[in-house]
Amino acid sequence: MPDNTTGIADVVVLGAGIVGVSAAIAARQRGHSVALVDRREPGSETSYGNAGVLSSGSIFPLNVPALWDALPKYLTNRHPALRWDLAWSILNAAWVARFLSNATPARVKPRATALRSLIVASLKLHREWIVQADAGERIRETGWLKAWRSDASAAARAQQAALAEYGVKSELLDRQAISALEPNILPVYKVGLLHTETASVDSPGNVVKAYARMFAGRGGEIRRSEISSLVPEADGWRVMLADGELCARHVVVALGPWSADLLRPLGYRVPLAPERGYHQEFKPNPARKLLRPIHDAESGFLMSPMENGIRVTSGVELTFRDAPSSYAQLDASVKAARGVVEFGDAVAEPWRGARPTLPDSLPMIGPAPRHAGLWFAFGNQHIGFTTGPGTGAAIAAMIDRATPPFDPAPFAPSRYL
Ligand SMILES: Cc1cc2nc3c(=O)[nH]c(=O)nc-3n(C[C@H](O)[C@H](O)[C@H](O)COP(=O)(O)OP(=O)(O)OC[C@H]3O[C@@H](n4cnc5c(N)ncnc54)[C@H](O)[C@@H]3O)c2cc1C
């Protein structure tokens, strides 16, 4: 960059979460000059607070046909897996209707196939980059356990078969096998499904920071500033920042749950909803260690061993992105988690973030429908930490008119815009 106020790059990536950092690495790897902009340090928002699961098998989003069976319990608004705000739901009735309209048998296969291809490409890159970024010690190849307290063997077997159709490997476990795998948890689970090819990390925020350092080490520019607007120019874009501006031929919007805000003035009404979620970390008992992330199927929360303690993450809260926090759902999850694994006091305040979700639960990965040189890379819902690298690599390939690592057609922004 020539100076601190005005800079010129081939590609400017907006947002330094896992998606933006990945796009920046991939574009740099292709030889472009790249500037990555965020108002915070890389990996400080959604990509910091997630459960750190690098999921091989999260190919069935929330809005699949099984959602209809679960709706009566969700409508009570007391279930820990899903809470919803009435005012938000009324104001966003169109999003809710579109989300539900995807929960049909015909819409399962195309989306699962698309998500699987994005996941496969992403996991390959994560496993390469984490080593190249000197963060290899953070990844654990221990799988991810989904566990049921009830005798849900038929449901677990059905899930295993459905996953196998897409090449996702898993092992069905009974109570004894769960105890052998996780000897330190209480024997509350009757049935488990171990996703054997899923990995996890002990600090997603620090993994993103390590990737960002790798990007900088390869000649990439990281700029810390508030992005205020995007101005189209004859041969590219002017990105207006709080402390200056950046010019580029290509701009990649990877602002996670904030992506729609910047695009509205350009005439794009992106149907992006914030599926909010919380986490809190607790002091582990060193004698009763949790060995891998466990997803409590019936209560919809996850607990994961992290660098700073056991992280309990909550289910979904559908409300306004910036509405004040409400901790009832997290508190219920923590209480349920304490019935599974022993842990001490909280080591930090609760954290809140939002999973950015489009009505079909597929991210937008591709060109803006009405502006050359503008690229959309957001909406990675519950699996954005997993799918960031593939998303970024596909965008960088499309900028170069090269073949992306998977078919990007199902992710085209034009499907909604
Ligand atoms: C509770 C919870 C648990 C989750 N667990 C998992 C999991 O285990 N595995 C998984 O794969 N995924 C998980 N996810 C989903 C995953 O965290 C997200 O999909 C992913 O982090 C989104 O990444 P992103 O880069 O799109 O967004 P972010 O990480 O939010 O990055 C967007 C960036 O844009 C910046 N920004 C926004 N507006 C501006 C502006 N105007 N100016 C400057 N900068 C701006 C922000 O500062 C931020 O750094 C979870 C999510 C939640 C909430």
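Remember, it's a predicted structure, so these values are computed and weren't measured experimentally. We count ligands from 1, going down the list as the structure has it; atoms in each ligand are counted the same way. Here, residue 1 is the first one in the sequence, and each next residue gets the next number.
Each of the atoms 24 (P), 25 (O), 26 (O) of ligand 1 lies under 4.0 Å from some heavy atom of Val19. Short contacts between ligand 1 and Glu45, defined as distances under 4.0 Å to a heavy atom of the residue, involve ligand atoms 30 (O), 46 (C), 47 (O), 48 (C), 49 (O). The atoms of ligand 1 that sit less than 4.0 Å from any heavy atom of Ile18 are 23 (O), 25 (O). Shown in contact with Ile383 at under 4.0 Å from a heavy atom are these atoms of ligand 1, numbered in order with element: 10 (C), 11 (O), 12 (N). For ligand 1 and Pro257, the ligand atoms under 4.0 Å from any heavy atom of the residue are 30 (O). With ligand atoms numbered from 1 in the order given, ligand 1 contributes 15 (C), 18 (C), 19 (O) to contacts under 4.0 Å with heavy atoms of Gln381. Close approach of ligand 1 to Asn380 (heavy-atom distance below 4.0 Å) involves ligand atoms 19 (O). Less than 4.0 angstrom separates some heavy atom of Gly15 from each of these atoms of ligand 1: 33 (C), 34 (O).
Inspection of the Glu275 and Thr357 side chains reveals an N or O donor paired with an N or O acceptor under 3.5 Å. Between the side chains of Trp375 and His250, at least one donor-acceptor pair of N or O atoms lies under 3.5 Å. Judged by distance alone, the side chains of Gln132 and Arg218 do bring a donor and an acceptor atom under 3.5 Å apart. Side-chain contact annotation: Ser200 with Arg140, donor-acceptor N/O pair under 3.5 Å present. At a cut-off of 3.5 Å, with distance as the only test, no side-chain donor of Asn102 or Ser361 sits close to an acceptor on the other residue.
Summarising the local packing, NZ of Lys124 is surrounded by 12 or fewer heavy atoms from other residues, nucleotides or ligands at distances under 6.0 Å. Atom CZ of Arg249 has 12 or fewer heavy atoms from other residues, nucleotides or ligands within 6.0 Å. In Asp345, the CG atom is not crowded: 12 or fewer heavy atoms of neighbouring residues, nucleotides or ligands sit closer than 6.0 Å.
Within the 4.0 Å heavy-atom shell around ligand 1 one does not find Ser55. For Ser225, the closest heavy-atom approach to ligand 1 falls below 4.0 Å. The shell of residues lying under 4.0 angstrom from ligand 1, judged by heavy atoms, excludes Ser44.
Ring centroid separation for the pair His126 and Tyr211 comes in under the 6.0 Å cut-off.
Among all protein heavy atoms, the one lying closest to atom 48 (C) of ligand 1 is Asp38 OD2, 3.2 Å. Counting only heavy atoms of the protein, atom 36 (N) of ligand 1 lies nearest to Leu255 CD2, 3.6 Å. In terms of protein heavy atoms, atom 44 (N) of ligand 1 is closest to Arg39 N, 3.2 Å. Among protein heavy atoms, the minimum distance from atom 9 (N) of ligand 1 is reached at Val53 O, 2.8 Å. Nearest non-hydrogen protein atom to atom 31 (O) of ligand 1 is Gly17 CA, 3.4 Å. In terms of protein heavy-atom proximity, atom 42 (N) of ligand 1 is closest to Ile227 N, 2.9 Å. Looking only at heavy atoms of the protein, atom 3 (C) of ligand 1 is closest to Asn50 CA, 3.6 Å. At the top of the distance list for atom 30 (O) of ligand 1, counting protein heavy atoms only, stands Thr46 OG1, 2.4 Å.
Residue Ser314 places no N or O, backbone or side chain, under 3.5 Å from any N or O of ligand 1. In terms of polar-atom proximity, Ala51 is counted as a contact of ligand 1, with an N or O under 3.5 Å from an N or O of the ligand. Ligand 1 has an N or O atom lying under 3.5 Å from an N or O atom of Gly384, backbone or side chain.
Only the backbone of His382 comes within 4.0 Å of ligand 1, counting heavy atoms alone; no side-chain atom from C-beta on gets that close. Under 4.0 angstrom from ligand 1, the non-hydrogen atoms of Trp258 all belong to its side chain.
In this comparison of His295, Arg355, His279, the heavy atom closest to atom 1 (C) of ligand 1 sits on Arg355. Among Ser47, Gly392, Ala242, the residue whose heavy atom lies nearest to atom 22 (C) of ligand 1 is Ser47.
Between Phe343 and Phe282, the angle of the ring planes lies from 30° to 60°, which puts this pair in the tilted group. Taking the six-membered ring where the residue is Trp, Phe411 and Phe406 present perpendicular rings, their angle passing 60° and hence far from 30°. Ring orientation note: the planes of His279 and Tyr48 are tilted relative to one another, at an angle of 30° to 60°. Ring-plane geometry between Phe378 and Phe376 is classed as tilted, the angle between the planes lying from 30 to 60 degrees on a 0 to 90 degree scale.
Note that CH2 of Trp84 and OH of Tyr74 are 14.0 Å apart. Values are rounded to the nearest 0.5 Å.
For Arg98 and Tyr416, the positive end is not near the middle of the six-membered ring at less than 6.0 Å and at most 45° from its axis.
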